[in-house]
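Written below as structure tokens is the structure these notes are about.
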Amino acid sequence: MSVSVPTLFKVPLLLLTAYANFITFTPPNPRTAPDEQTKYSSVKYIVRQVRPPWVRALEKTITQSFILFEIATILATHLPSPVADRVLPMLAWRPATSALGVRMTSVFLLGTLLCTLGGIVRILCYRALGRHFTFELSLRRDHKLVTDGPYAVVRHPSYTALIMVTVGTLLCLTSSGSWLAESGIMNTLIGGLLVVAWAAEVAWIPIVMVLRVDTEDEILRTEFKDEWLAWSRRTPYKLIPGLI
């Protein structure tokens, strides 16, 4: 459903979405040493690593590119007509007037809200865990069990945040009114394959995060014993308070 707000107001919200993605998919710490991953050595690679760093970098680049193309399209529609007539055809696979279909919608606003809240929670998790936060499943030397901050609400808030950002991103960038939906790129063979592959890769991330939860809980329970049991009683939910 369209929202009667000038399309130009979509630009800062798109920048906010881009920042949430950057924060969420940029490791706050260097990769862990191999010996710090030994307790997870029996775990399947796809769960332990989620995806190779180069895949993460490629997905992040494609996501940011889609956002920049949408911002460029919106700004071009507000430029003098001769300039817009030259710029818009480079951003559309349909007649340039398709750019007028890029608009603010309620689905986009929901996606932006999810990205914003997810990005904030992700930052809080980075701060709470400090050097212990890694993208690889690992136990750092002198690892401590962090149970305060967002970890006092659910046991895996960073995964909750990541799921919020990935779902929000898909809502923002693929729903009606987005550049991807209105430009016609998905009607081309190469463009359609690219978008489908990107969307599938983004959607795969929350699935792996859910698979990770029980594995991580088991390792932490074995490592911290009574401390983990006490925390799990205080914080019984894994991802969503009152539900999961």
Side-chain angles (χ1 to χ4, degrees), residues 14-71 111-112 114-140 150 156-174 178-180 185 190-216 219 239:
L14 284 166
L15 291 174
L16 196 59
T17 299
Y19 182 68
N21 268 269
F22 178 80
I23 288 293
T24 299
F25 296 111
T26 301
N29 294 301
R31 287 175 62 85
T32 52
D35 63 298
E36 294 180 320
Q37 301 179 38
T38 54
K39 291 186 182 292
Y40 291 97
S41 58
S42 61
V43 179
K44 292 181 179 180
Y45 177 85
I46 195 65
V47 176
R48 190 171 70 251
Q49 298 284 348
V50 181
R51 52 190 177 165
W54 70 268
V55 174
R56 183 171 63 240
L58 178 61
E59 181 270 322
K60 189 164 62 173
T61 300
I62 293 174
T63 299
Q64 304 290 20
S65 297
F66 288 159
I67 292 172
L68 288 176
F69 291 154
E70 183 154 348
I71 291 174
T112 302
L114 287 173
C115 285
T116 302
L117 294 178
I120 291 171
V121 173
R122 192 78 167 175
I123 291 172
L124 293 175
C125 291
Y126 290 167
R127 291 180 177 177
L129 282 185
R131 63 179 292 273
H132 299 305
F133 196 108
T134 60
F135 277 21
E136 305 81 29
L137 283 179
S138 61
L139 285 174
R140 309 301 300 266
H156 302 275
S158 68
Y159 295 165
T160 303
L162 187 146
I163 292 170
M164 291 172 69
V165 171
T166 52
V167 172
T169 298
L170 289 173
L171 292 177
C172 283
L173 300 187
T174 65
S178 68
W179 176 79
L180 282 178
I185 185 175
I190 295 177
L193 290 175
L194 173 65
V195 173
V196 168
W198 166 80
E201 203 280 331
V202 172
W204 170 245
I205 301 169
I207 296 174
V208 180
M209 291 299 101
V210 172
L211 295 175
R212 261 193 177 199
V213 167
D214 288 339
T215 299
E216 190 166 323
I219 295 294
L239 295 169

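- The CD atom of Gln64 lies 9.5 Å from the CG atom of Leu15; values are rounded to the nearest 0.5 Å.
- Using cut-offs of 30° and 60° for the angle between ring planes, the Tyr126 and Phe133 rings count as perpendicular.
- How far OG1 of Thr61 is from CZ of Arg56: 11.5 Å, rounded to the nearest 0.5 Å.
- In plain terms, the two heavy atoms of Gly118 and Ala161 that are nearest each other are O-CB, 3.2 Å.
- When all heavy atoms of Gly119 and Ile23 are compared, the pair lying nearest together is O-CG2, 4.3 Å.
- Taking CD1 of Ile190 as the start and CG of Leu194 as the end, the distance is 9.5 Å to the nearest 0.5 Å.
- Residues Lys60 and Asn21 are not in side-chain contact: their nearest non-hydrogen atoms beyond the backbone lie 4.5 Å or more apart.
- Contact check for Phe135 versus Pro28: side-chain heavy atoms found under the 4.5 Å cut-off.
- Remark: Ile62 CD1 to Leu173 CG distance equals 12.0 Å, nearest 0.5 Å.
- Phe66 is not listed as a side-chain neighbour of Thr174, based on a closest heavy-atom distance of 4.5 Å or more.
- In this structure, OH on Tyr19 lies 10.0 Å from OG1 on Thr24, to the nearest 0.5 angstrom.
- For Cys115 against Gly168, the heavy-atom pair with the smallest separation is SG-C, 3.5 Å.
- Residues Met164 and Thr160 are in side-chain contact: their nearest non-hydrogen atoms beyond the backbone lie under 4.5 Å apart.
- Taking 4.5 Å as the limit, every side-chain heavy atom of Val165 sits out of range of all side-chain heavy atoms of Arg122.
- The closest side-chain heavy-atom distance from Phe25 to Thr166 is below 4.5 Å.
- Contact check for Pro206 versus Val210: no side-chain heavy atoms found under the 4.5 Å cut-off.
- Leu180 has its side chain within reach of Trp198: a pair of non-hydrogen atoms, C-beta onward, lies under 4.5 Å apart.
- Atom CZ of Phe69 is separated from atom OG of Ser178 by 13.5 Å, given to the nearest 0.5 angstrom.
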